[in-house]
Amino acid sequence: MKDSYGVVIIGGGIIGSAVGFNLLKMGVKNICVIEKSYISSGSTGRCAGGIRQQWSSPMNVRLAMRSVELFKKFEKDVGMDIEYKQGGYLLLAYTQEEEEDFVKNVKMQKAQGLDVEILSKSQIKDKFGFMNLDGVRIGSWCQSDGHANPQIANIAYAMAIRRMGGDFITHTKVEGIDIANKKIIGVQTDRGYIKTDTVVNAAGFESSKIGKMINVDIPVHGERHQILVTEPVNHFLDPLVINFNHNYYVRQTKHGSLLMGQGDANPMPGEDLGNSIEFLEEMAQKMVKDFPILENVHIVRQWSGAYDMSPDAQPIIDESRDVSKFIYATGFSGHGFMLAPAVGEAVAEMIVHGKTITMDISNLKMDRFKEHIEIEKNVV
């Protein structure tokens, strides 16, 4: 760790790593990423790795579409195979309200340029005959959606940062940020002091704690979501399936295991990452009912991770009005991995050019919370 950097990025998950990579790619060499634990130790390493563009918010659709463009080039650009597969996403609707939302969302998504379609129940049955479709009305399908391995992606960014001349510092905790005349002058860590005038807060659900170090209020909180993984089985599931009505998602990994998860029924804000037997019981019942083929498949383990929830379940990407060059990229509400390539590019452009160049993300600024907000509905 050097005693001075042009940019210090707090948080070495997928968002902070993507920002660091893109800064180096744009020619900003004197940067460091600070991670309090090991690479992919936080929410990135605990997520299921889905990459979808089917959202109820146009901004999320556009960000995700840009990310898909970058994910397709990830191995060439970043230098590692991350098991990226465009196996599609299937979203299932069970109620009239869900059906109406799906139709409205698909119309909006198509207007953004996304190749997406509504499937009838019979079309879903033709594609996925192994599923129990009792109660299903329609589905929403996008073939260019997919999934990848988030742990490998995080490691790939970190290795690329070091290879390109940046520093990726692990097992180092940020303890404070010093400011003078509303400008950042340095960052205090448990391993020493770093002089800098630019800080990117990409600390996930802990980003609010980082903001409080300099009296900047960032409305983000942690929310537990749990995942289980099964033993590997022969490949049968290309897409990631989302069922909002039954509150779950499921996908099959390259290894053959199935990852499936859900949010708590009544989530309380906090950092509790414990696991519950109730989760296992609920998921097992739902999976066997909707995927009878899994009845005799064994569960191997379970874990939990924290979504960094924002008030409208959309990202907060902005520069503080109170402290110059204090930039935050947080509040991804469970979809940080899939948006990371586009967000890393956008934040790097903000630092290098003073504004985003590739796409307009101005409606993700903090000011939006002073007005009426539209909540992203497609979160599970």
What distance do [X] atom [atom1] and [Y] atom [atom2] have between them, rounded to the nearest 0.5 Å?
X: Asn201; Y: Lys209; atom1: CG; atom2: NZ; answer: 12.5 Å
X: Trp303; Y: Asn275; atom1: CH2; atom2: CG; answer: 10.0 Å
X: Arg321; Y: Lys182; atom1: CZ; atom2: NZ; answer: 12.5 Å
X: Met350; Y: Ile361; atom1: CE; atom2: CD1; answer: 6.0 Å
X: Thr330; Y: Ile317; atom1: OG1; atom2: CD1; answer: 9.5 Å
X: Asn363; Y: Gln314; atom1: CG; atom2: CD; answer: 7.0 Å

[X] and [Y]: which non-hydrogen atoms are nearest, and at how many Å?
X: Ile227; Y: Arg46; answer: CD1-O, 3.2 Å
X: Val116; Y: Cys142; answer: CG2-CB, 4.1 Å
X: Ala348; Y: Asn22; answer: CB-CB, 3.6 Å
X: Met366; Y: Pro219; answer: SD-CD, 3.4 Å
X: Val8; Y: Val187; answer: CG1-CG2, 4.4 Å
X: Gly331; Y: Ser310; answer: O-OG, 3.5 Å

Output yes when [X] and [Y] qualify as a salt bridge under the 4.0 Å nitrogen-oxygen rule, no when they do not.
X: Arg62; Y: Asp360; value: no
X: Asp238; Y: Lys85; value: yes
X: Glu206; Y: Lys36; value: yes
X: Arg137; Y: Glu99; value: yes
X: Lys173; Y: Asp190; value: no
X: Asp312; Y: Arg368; value: yes

Joint cluster assignment, [X] & [Y], ILVMFWY side-chain distance < 4.5 Å:
X: Phe21; Y: Ile51; answer: yes
X: Tyr89; Y: Leu70; answer: no
X: Val379; Y: Met108; answer: yes
X: Leu91; Y: Phe291; answer: no
X: Met164; Y: Ile82; answer: yes

Donor + acceptor pair across side chains of [X], [Y] (<3.5 Å):
X: Ser144; Y: Gln86; value: no
X: Thr358; Y: Glu349; value: yes
X: Glu35; Y: Thr172; value: no
X: Gln54; Y: Asp145; value: yes
X: Ser17; Y: Asn154; value: yes
X: Glu376; Y: Ser56; value: yes
X: Gln96; Y: Glu100; value: yes

- [ ] Verify the ring-centre separation between Tyr157 and Phe74: is it less than 6.0 angstrom?
- [x]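 Yes: the rings meet the under 6.0 Å criterion.
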
Task: Centroid-centroid distance, Phe71 to Phe337, less than 6.0 Å - done: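 Ring centres of Phe337 and Phe71 closer than 6.0 Å.
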
With a 3.5 Å distance limit and no angle check, can you tell me whether [X] reaches the backbone of [Y] through a side-chain donor-acceptor pair?
X: Lys325; Y: Val7; result: no
X: Ser257; Y: Thr230; result: yes
X: Arg162; Y: Phe168; result: yes
X: Asp308; Y: Phe332; result: yes
X: Gln151; Y: Gly45; result: yes

Would the number of heavy atoms belonging to other residues, nucleotides or ligands and lying under 6.0 Å from [atom1] of [X] be above 12?
X: Lys195; atom1: NZ; answer: no
X: His353; atom1: NE2; answer: yes
X: Met159; atom1: CE; answer: no
X: Asp81; atom1: CG; answer: yes
X: Lys29; atom1: NZ; answer: yes

Task: Tyr5 and its side-chain hydrogen bond (donor to acceptor under 3.5 Å, both in side chains) partner, picked from Asp167, Thr198, Thr196, Asn30 - done: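 Of Asp167, Thr198, Thr196, Asn30, side-chain hydrogen bond (donor to acceptor under 3.5 Å, both in side chains) with Tyr5 is met by Asp167 alone.
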
Task: Residue among Gln262, His246, Gln226 satisfying side-chain hydrogen bond (donor to acceptor under 3.5 Å, both in side chains) with Glu282 - done: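 The residue from Gln262, His246, Gln226 that satisfies side-chain hydrogen bond (donor to acceptor under 3.5 Å, both in side chains) with Glu282 turns out to be Gln262.
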
- [ ] Might you work through the side-chain contact (heavy atoms from CB on, under 4.5 Å) test for Leu23 and Ile9, ending with a clear yes or no?
- [x] CA-CA 11 Å; Leu23 282 170; Ile9 301 163; 4.1 Å; yes

Decide yes or no for [X] and [Y]: does some side-chain heavy atom of the first lie under 4.5 Å from some side-chain heavy atom of the second?
X: Asp178; Y: Tyr193; answer: yes
X: Leu364; Y: Ile316; answer: no
X: Ser333; Y: Met309; answer: yes
X: Ser4; Y: Lys2; answer: no
X: Ile194; Y: Ile34; answer: yes
X: Asn245; Y: Glu98; answer: yes
X: Trp141; Y: Ile118; answer: no
X: Asn234; Y: Phe236; answer: no

- [ ] List the steps and the verdict of side-chain contact (heavy atoms from CB on, under 4.5 Å) for Met359 and Leu63.
- [x] CA-CA 8 Å; Met359 60 184 303; Leu63 271 176; 3.8 Å; yes

TODO: On the 0 to 90° scale, with breaks at 30° and 60°, tag the Tyr307-His225 ring pair as parallel, tilted or perpendicular.
DONE: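 It falls in the parallel class, under 30°.
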
Task: Aromatic Trp55 / basic Arg52 pairing, under 6.0 angstrom, 45° off normal - done: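 Here Arg52 passes the 6.0 Å and 45° test against Trp55.
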
TODO: Let me see the working for Leu339 and Arg66 under side-chain contact (heavy atoms from CB on, under 4.5 Å), right down to the final yes or no.
DONE: CA-CA 8 Å; Leu339 300 182; Arg66 177 57 182 163; over 6 Å; no

Open item on the list: One pair to check against side-chain contact (heavy atoms from CB on, under 4.5 Å): Thr189 and Glu175. What are the steps and the verdict?
Closed with: CA-CA 5 Å; Thr189 78; Glu175 298 179 332; 5.9 Å; no

